Amino acid sequence: MLALLIIEPVMSSSLPVVRTRFAPSPTGYLHIGGARTALFAWAYARRHGGQFILRIEDTDVARSTPEAVQGILDGMQWLGLAHDEGPFYQMQRMERYKEVIQQMLAAGTAYQCYMAKEELDDLRAAQEARKEKPRYDGRWRPEPGKTLPPIPPGHNPVVRFRNPTTGVVAWDDQVKGRIEIANAELDDFIIARADGTPTYNFCVVVDDRDMGITHVIRGDDHVNNTPRQINLLQALGAPVPRYGHLSMILGDDGTKLSKRHGAVSVMQYDENGYLPEAVLNYLGRLGWSHGNEEVFLMAQFVEWFDLDHITSSAAQFNTEKLNWLNAHYLKLADDARLGAEIRRRLSREGVTATDCPDAAAIAALYKDRVQNLNELADCAHPFYIAPHASAELVAQHLTDAAQAALADLRSRLARADFLPEVLGKALKETLVATGLKMPQVAIPLRVALLGQPQSPAIDRVLAVLGRDRTLERLDRLP
RNA sequence: GACCCUAUCGUCUAGAGGCCUAGGACAACACCCUUUCACGGUGUGAACCGGGGUUCGAAUCCCCGUGGGGUCGCCA
């Protein structure tokens, strides 16, 4: 493994290059907010013919896990958000960070601070008691003519960035507009811990520079990091990318999403029967708009996507609308694909029958009536495993008259070709023979065959169920 | 507490000073279709947070409130 991964920024003489990145920290799965951030960063790069880079920010050794890394990779793959470069792992770039820290120390844009953690805690406590903003007081910051405290023995210093003390840091946020923050609000933050490992704001800056990131699209919980990063970038003499901060996604109930509440892995959406194109469409429309357009596939999204039409306020997740989109894409989905999904889901429940009926044919029967793949699998279930209707349904629908009609129908079906038109004709013959109306026969038939009083057109159901299963189930009537 | 962000139907949103009698979508409701249940179709109700300005004219610009959110770590 390379100890040093320095990516040369792509220098194009004429065409403006767009390079975006998605930089999650692997302390948990990829959730819906992260997925939208990734989607927007990906779409922006695609829209401009640029590159999308995946970077894993795993410097928090205590909380990062390989499982989380895999979860993120899986989520990205399920969504189809392919990266052009990476994944890069920050833990593999340690040498590079240390090198830059040495450069900054040498240049005087950073300095060592020997203040102990306990001292810092005391300082903060005192500041808070005085209702001040807690911040480092600069006691180890070298100034001309200033005498620094004697270096205490026995412990290693942290490295702090020498942040400008006056003036303002400002940027034109691509989604929120101009934002200005006074340097007086910022303190000399730590860029390397006592053990020498670099911290977040520093790694981000080094990486964004080394990787030639031109547009930083991320959650707006990073707005307050931006001025620090800009100052750092400037101290390094590096170009400042454009920033666009996405507001957060709230849960269905309007409250903040958290691990305990509503924040689920994108893979959970797969588990719950959502199609990736539905999730992508929903997410694309959450906080971004293109006039009144509601339904679009990624090719279209990429063509339309821009930063100008991103909402700057928080958006509440609406499962109902996602369900509607999912139902929409289900109707459009290929039967063979849905058939495979039915089998995958059924086999989880131990239903592994691979003989007829054909899952794709069942999908065709039900795909425009359900909202998700799990419902589709539920609909398919009685085709594979003979259901037992509830006593209530049996009592209600399988009356003597109905049983007699089904017996009449059975004899006709035994001789019929199992094609919808032929079956429909047999059904009508039974109506004539018994003097019953269609629902009076069709509903008992549904209960007998599928254990439910509702189904798609019964002749189509019969055709998919097939002669053997149909007759067998009719023979087993109570 | 300080700093920053934010505010149009229940929800996602359109809206770049007159095109707004504020549009679309989901959800809700009604009706139609129907072989049941769905799907689908048609229609109805539903919003510019409050107060001041600026302007001939404000949902749109400015200020002040209020509500919501974020950040203030040797986490990311």
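All of these numbers come straight from a predicted model, not from anything done at the bench. Note on naming: letters A, B, ... go to the chains in the order of the sequence lines (proteins, then strands), and numbering restarts at 1 for each one.
Ala315(A) comes within 4.0 angstrom of sugar-phosphate atoms only, judged by non-hydrogen atoms across all strands, and of no base. Residue contacts for Ile458(A): at a heavy-atom cut-off of 4.0 Å it reaches a base atom on one of the strands shown. Residue contacts for Glu180(A): at a heavy-atom cut-off of 4.0 Å it reaches the sugar-phosphate backbone alone, with no base atom in range. Note on Glu294(A): a base of the nucleic acid sits closer than 4.0 angstrom, heavy atoms only. As judged by a 4.0 angstrom heavy-atom cut-off over every strand, Gly287(A) is placed among residues touching the sugar-phosphate backbone only. When heavy atoms are screened at a 4.0 angstrom cut-off, Asp173(A) is found touching no nucleic acid atom at all.
Nucleotides rA38(B) and rC33(B), compared at atom C1', are 13 Å apart to the nearest Å. rA25(B) and rC19(B) have their C1' atoms separated by 22 Å, given to the nearest Å. For the P atoms, the distance from rU66(B) to rA30(B) is 43 Å, rounded to whole Å. Between the P atoms of rA59(B) and rG70(B), the separation comes to 31 Å (whole Å). The gap from the C1' atom of rA22(B) to that of rA14(B) amounts to 10 Å, rounded to the nearest Å. Only the P atoms considered, rG50(B) is 36 Å distant from rG40(B), to the nearest whole Å. The C1' atoms of rU8(B) and rG67(B) are separated by 15 Å, rounded to the nearest whole Å. Comparing rC5(B) with rC64(B), their P atoms sit 12 Å apart, to the nearest whole Å.
Remark: His222(A) engages Tyr200(A), Asn225(A) in a side-chain hydrogen bond (donor to acceptor under 3.5 Å, both in side chains) (not counting sequence neighbours). By the side-chain hydrogen bond (donor to acceptor under 3.5 Å, both in side chains) test, Asn292(A) pairs with no residue at all, sequence neighbours left out.
Within the shown strands, nothing qualifies as a pairing partner of rC20(B) under the Watson-Crick or G-U definition with both distances less than 3.5 Å. Pairing of rU71(B), defined by two Watson-Crick or G-U wobble distances under 3.5 Å, is identified with rA2(B). Using N1 to N3 plus N6-O4 or O6-N4 for Watson-Crick, or N1-O2 and O6-N3 for G-U wobble, each under 3.5 Å, rC29(B) pairs with rG43(B). Within the shown strands, rG53(B) is the pairing partner of rC61(B) under the Watson-Crick or G-U definition, both distances less than 3.5 Å. Across all strands shown, nothing is found opposite rU36(B) as a Watson-Crick or G-U wobble partner with both distances under 3.5 Å.
Between Lys117(A) and Glu119(A) there is no salt bridge, since no side-chain nitrogen of the basic residue lies less than 4.0 Å from a carboxylate oxygen of the acidic one. Under 4.0 Å is where a charged nitrogen must lie from a carboxylate oxygen, and between Glu421(A) and Lys428(A) no such pair does. For Lys331(A) and Asp368(A), the salt-bridge test fails: no basic side-chain N is under 4.0 Å from an acidic carboxylate O.
For His155(A), the NE2 atom is densely surrounded, since the number of other residues' heavy atoms within 6.0 Å is greater than 12. Within 6.0 Å of CZ in Arg135(A) there are more than 12 heavy atoms belonging to other residues, nucleotides or ligands.
Applying the salt bridge (charged side-chain N to carboxylate O under 4.0 Å, His left out) definition to pairs two or more places apart or across chains, none involves residues 303-314 of chain A. Sequence neighbours left out, the pairs with a member in residues 310-326 of chain A that pass salt bridge (charged side-chain N to carboxylate O under 4.0 Å, His left out) are Glu294(A)-Lys321(A).
Distance from the side chain of Ser289(A) is smallest for rA14(B) among the nucleotides rG40(B), rA14(B), rU11(B). Taking only side-chain atoms of Lys131(A), from C-beta outward, the nucleotide of rG1(B), rU35(B), rG23(B) with the closest atom is rG1(B).
Between rU6(B) and Ser247(A), no contact under 4.0 Å exists linking OP1 or OP2 to a side-chain N or O. Residue Thr311(A) places at least one side-chain N or O under 4.0 Å from the OP1 or OP2 atom of rU13(B). Regarding contacts with the backbone of rU35(B), every side-chain N or O of Lys428(A) stays at 4.0 angstrom or more from both OP1 and OP2.
For an aromatic pair to be called close, the ring centres must be under 6.0 Å apart, and Trp42(A) with Phe22(A) fails this.
Rounded to an integer number of Å, the gap from CD of Gln316(A) to P of rU8(B) is 12 Å. At whole-Å resolution of the value, CG in Asn281(A) and P in rC26(B) are 12 Å apart. Between the P atom of rA38(B) and the CZ atom of Arg446(A) lies a distance of 12 Å, rounded to the nearest Å. One interatomic measurement links the two molecules: CG of Asp308(A) to C1' of rA14(B), which rounds to 15 Å at whole-angstrom precision. Rounded to whole angstrom, the span from the CG atom of Leu286(A) across to the P atom of rC12(B) amounts to 8 Å. The nearest whole Å value for the distance from the CD1 atom in Ile249(A) to the P atom in rG70(B) is 14 Å. Taking atom CG of Asn326(A) as the reference point, atom P of rC39(B) lies 14 Å away to the nearest angstrom. Whole-Å rounding puts the Glu293(A) CD to rG23(B) P distance at 18 Å.
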Handout entry: Under 4.0 Å protein heavy-atom contact, by nucleotide of nucleotides 27-34 of chain B - B base, S sugar-phosphate only
Key = S-------
Completion exercise
Reading nucleotides 71-76 of chain B from 5' to 3' and marking B where a protein heavy atom lies under 4.0 Å of the base, S where only the sugar-phosphate is that close, and - otherwise, the string is SSSBBB
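Remark: the backbone N or O of Thr166(A) is paired with a side-chain donor or acceptor of Asn183(A) at under 3.5 angstrom.
Each of Pro439(A) and Arg178(A) lies near RNA chain B, and the nucleotide nearest Arg178(A) is the one positioned closer to the 5' end.
None of Trp288(A), Tyr282(A), Tyr44(A) except one satisfies the ring-ring contact (aromatic ring centres under 6.0 Å, His included) rule with Phe301(A); the exception is Trp288(A).
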